[in-house]
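For reference, the structure discussed in these notes is given below.
Every number for a ligand or one of its atoms is a count from 1 in the order of the listing.
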Amino acid sequence: MELTQEEKEMLSGKQGKAVGKSMEILTALGEMFGAEKLIDVKSVQIAGVSYHNLEEAGLEFLEKMAKDGKVKVFTTLNPAGMDLEEWKKLGISEDFAEKQLKVIDAFAKMGVKTTCTCTPYLIGNRPAQGDHIAWSESSAVCFANSVVGAYTNREGGPSAIASALTGKTPEFGMHLDENRQAAVEVKVSANIESFTDWGALGHAIGEKAGKKIPLITGIVKENADEDKLKIFSASIATYAGLALYHIGGVTPNETAMPSESVEVTQQDIENSKKFLNDAESVDIVAVGCPHCSMNELKKIAELLEGKKVNKEFWICVSREVANEAKKQGLVEKIEASGAKIARDTCMAVAPLKGRFKGLATNSAKAVFYGRGKNDFKTIFCDLEECVEKAVE
Ligand code: F3S
């Protein structure tokens with residue numbers, strides 16, 4: 001890979017050990033994927049923040065990087081294993097909280113904005129169309145590439161940190177236009193309107209088109225607002241492993257019409273919904289996967305007004321959106337019902353295994369992680385029904 005003089009100096013450790021280590025990571029990655037050069041990135045989003053996933057070895061790596069590493073571009077974090085302030089409310093142990101706060105301290109020392117969210121684009125870390133960025137979390141990567149029209153690979157935790165400390169990423173994969181073209185047309189004849197329709201569509205596309213970048217046709221533009229594309233990005237990234245999709249008349253990237261096509265019918269959507277439902281009863285309800293927007297919080301507050309929840313009910317959200325909601329009186333209304341606003345964290349990265357058995361959620365991605373990480377059975381239903389489940 002061709003390096004500039006400055007990049008060679010960074011690699012040699014002239015700008016410190018953390019920058020040197022970062023350049024080692026980025027050049028090794030670039031060589032592995034055939035990149036010719038490094039390019040500048042405008043922002044970074046780092047995943048692998050929960051102590052639950054990092055454990056002691058991960059924490060040690062971060063503390064080492066924080067000794068002399070400082071971020072060169074705006075950088076935010078993915079959800080952590082707990083609400084960083086009100087962790088007790090979520091039943092988190094003191095020991096876990098102590099370790100998680102050490103992780104956050106290490107990031108803060110590097111100059112990272114320690115906002116922990118998978119929807120950085122809702123809280124000011126929103127790229128412009130055409131910007132190159134280095135983001136980690138799969139739904140955020142998919143949203144940034146597909147809905148915003150930015151350019152990012154799905155970074156691992158270490159490569160995202162390396163990009164944050166250098167402002168660089170190797171140019172390969174999703175950074176190159178030739179790799180962003182649709183390979184299959186997905187003709188949708190089903191009615192795709194509700195959140196669960198969109199979640200099921202992500203699963204159905206994974207079943208029908210595999211990992212090929214789709215150009216999805218047959219979608220009514222008015223049914224594709226950002227909240228729905230947010231939940232769809234999470235689902236298609238999870239079930240099809242995709243970092244990019246195109247929707248005719250909706251998303252901004254240009255692509256030619258592929259010669260191959262598949263159809264997603266109403267029956268396919270029903271089959272996917274059936275697959276996503278396997279619980280008979282629930283003892284936890286969780287929404288906000290990806291983290292809730294203000295519009296979603298407004299809707300939840302409306303639905304909960306005058307009601308009391310009878311089960312654990314988590315509403316996962318970034319601290320910034322929660323603060324804004326607080327100013328508007330929404331947090332008070334939601335918490336009056338007994339539901340819990342889970343800031344900085346989510347139902348997948350918090351240590352929930354063994355505490356609950358049945359999850360109701362409106363997110364197909366939360367179903368996947370609820371089953372895989374926490375052994376939950378799941379009920380996949382729209383927000384209205386999630387609230388009904390919580391209060392029944
Ligand atoms: Fe975000 Fe956690 Fe879902 S990171 S996308 S809320 S699994």
Side-chain angles (χ1 to χ4, degrees), residues 45-54 76-84 90 92 100 103-104 107 114-123 125 135-147 152 154-157 160 195-196 198-199 202-203 226-243 276 284-293 296-297 300 313-322 340-353 356 359-376 378 380 383 386:
Q45 190 248 359
I46 301 172
V49 176
S50 172
Y51 181 77
H52 192 48
N53 303 327
L54 283 168
T76 56
L77 297 175
N78 211 36
M82 61 184 202
D83 186 315
L84 298 181
L90 302 180
I92 303 292
Q100 182 64 73
V103 169
I104 300 299
F107 282 122
T114 55
T115 254
C116 300
T117 182
C118 48
T119 54
Y121 46 87
L122 295 180
I123 54 115
N125 187 358
W135 285 16
S136 297
E137 200 280 323
S138 64
S139 75
V141 163
C142 200
F143 186 95
N145 277 323
S146 312
V147 182
T152 180
R154 185 183 172 192
E155 302 295 339
F195 276 65
T196 49
W198 279 100
H203 176 266
E226 279 212 357
D227 283 339
K228 289 174 182 168
L229 294 176
K230 168 165 79 71
I231 217 152
F232 175 64
S233 297
S235 179
I236 198 167
T238 302
Y239 293 102
L242 286 167
L276 294 164
I284 180 167
V285 180
V287 299
C289 171
H291 276 174
C292 284
S293 66
E296 289 175 284
L297 288 184
I300 294 165
F313 186 8
W314 283 26
I315 295 144
C316 303
V317 67
S318 68
R319 186 159 293 276
E320 277 76 0
V321 170
K340 295 173 181 172
I341 303 275
R343 300 162 183 85
D344 321 307
T345 188
C346 80
M347 66 297 274
V349 294
L352 287 178
K353 195 168 181 173
F356 305 98
L359 166 75
T361 180
N362 62 350
S363 163
K365 177 173 178 175
V367 166
F368 182 87
Y369 285 99
R371 287 176 179 176
K373 281 193 157 181
N374 294 325
D375 292 340
F376 294 155
T378 57
F380 175 59
L383 193 53
C386 282

Quiz item: What is the closest protein heavy atom to atom 3 (Fe) of ligand 1, and at what distance does it sit?
Solution: Cys289 SG, 2.3 Å
Practice problem: Decide whether the shortest distance between a heavy atom of Ala234 and an atom of ligand 1 is less than 4.0 Å. | Solution: no
Practice problem: Under 4.0 Å from a heavy atom of Ala348: give me the atoms of ligand 1 that qualify, with their elements. | Solution: 7 (S)
Quiz prompt | Side chain Arg154, main chain Ser136, donor-acceptor under 3.5 Å | solution = yes
Quiz item: Within the distance-only criterion (no hydrogens, no angle test), does the side chain of Asn145 pair as donor or acceptor with the backbone N or O of Ala243 below 3.5 angstrom?
Solution: yes
Exercise. Mark yes or no for whether Gln100, through its side chain, and Val49, through its backbone, hold a donor-acceptor pair below 3.5 Å.
Key: yes
Quiz item: With distance as the sole test, does Gln45 use its side chain to make a donor-acceptor pair with the main-chain N or O of Thr117 at under 3.5 Å?
Solution: yes
Quiz item: To which of Ala140, Ser138, Cys118 does the heavy atom nearest atom 1 (Fe) of ligand 1 belong?
Solution: Cys118
Quiz item: What protein heavy atom sits nearest atom 4 (S) of ligand 1, and how far off is it?
Solution: Pro79 CG, 3.6 Å
Quiz item: Any chance the side chains of Thr361 and Ser363 put a donor and an acceptor closer than 3.5 Å?
Solution: no
Quiz item: Which ligand 1 atoms does Glu137 reach within 4.0 Å, using its non-hydrogen atoms?
Solution: 5 (S)
Self-check item: atom 2 (Fe) of ligand 1 - nearest protein heavy atom and its distance
Solution: Cys346 SG, 2.3 Å
Quiz item: In terms of ring plane angle, is the pair Tyr121 and Trp135 parallel, tilted or perpendicular, where the classes change at 30° and 60°?
Solution: parallel
Practice problem: Below 4.0 angstrom from a heavy atom of Gly288, which ligand 1 atoms are there? Numbered from 1 as shown, please. | Solution: 6 (S)
Quiz item: Going by the atom numbers of ligand 1, which of them fall below 4.0 Å from some non-hydrogen atom of Lys365?
Solution: 5 (S), 7 (S)
Quiz prompt | Lys340 NZ to Asp83 CG distance, which is reported to the nearest 0.5 Å | solution = 11.0 Å
Quiz item: Mind checking whether Ser139 has a heavy atom under 4.0 Å from ligand 1?
Solution: yes
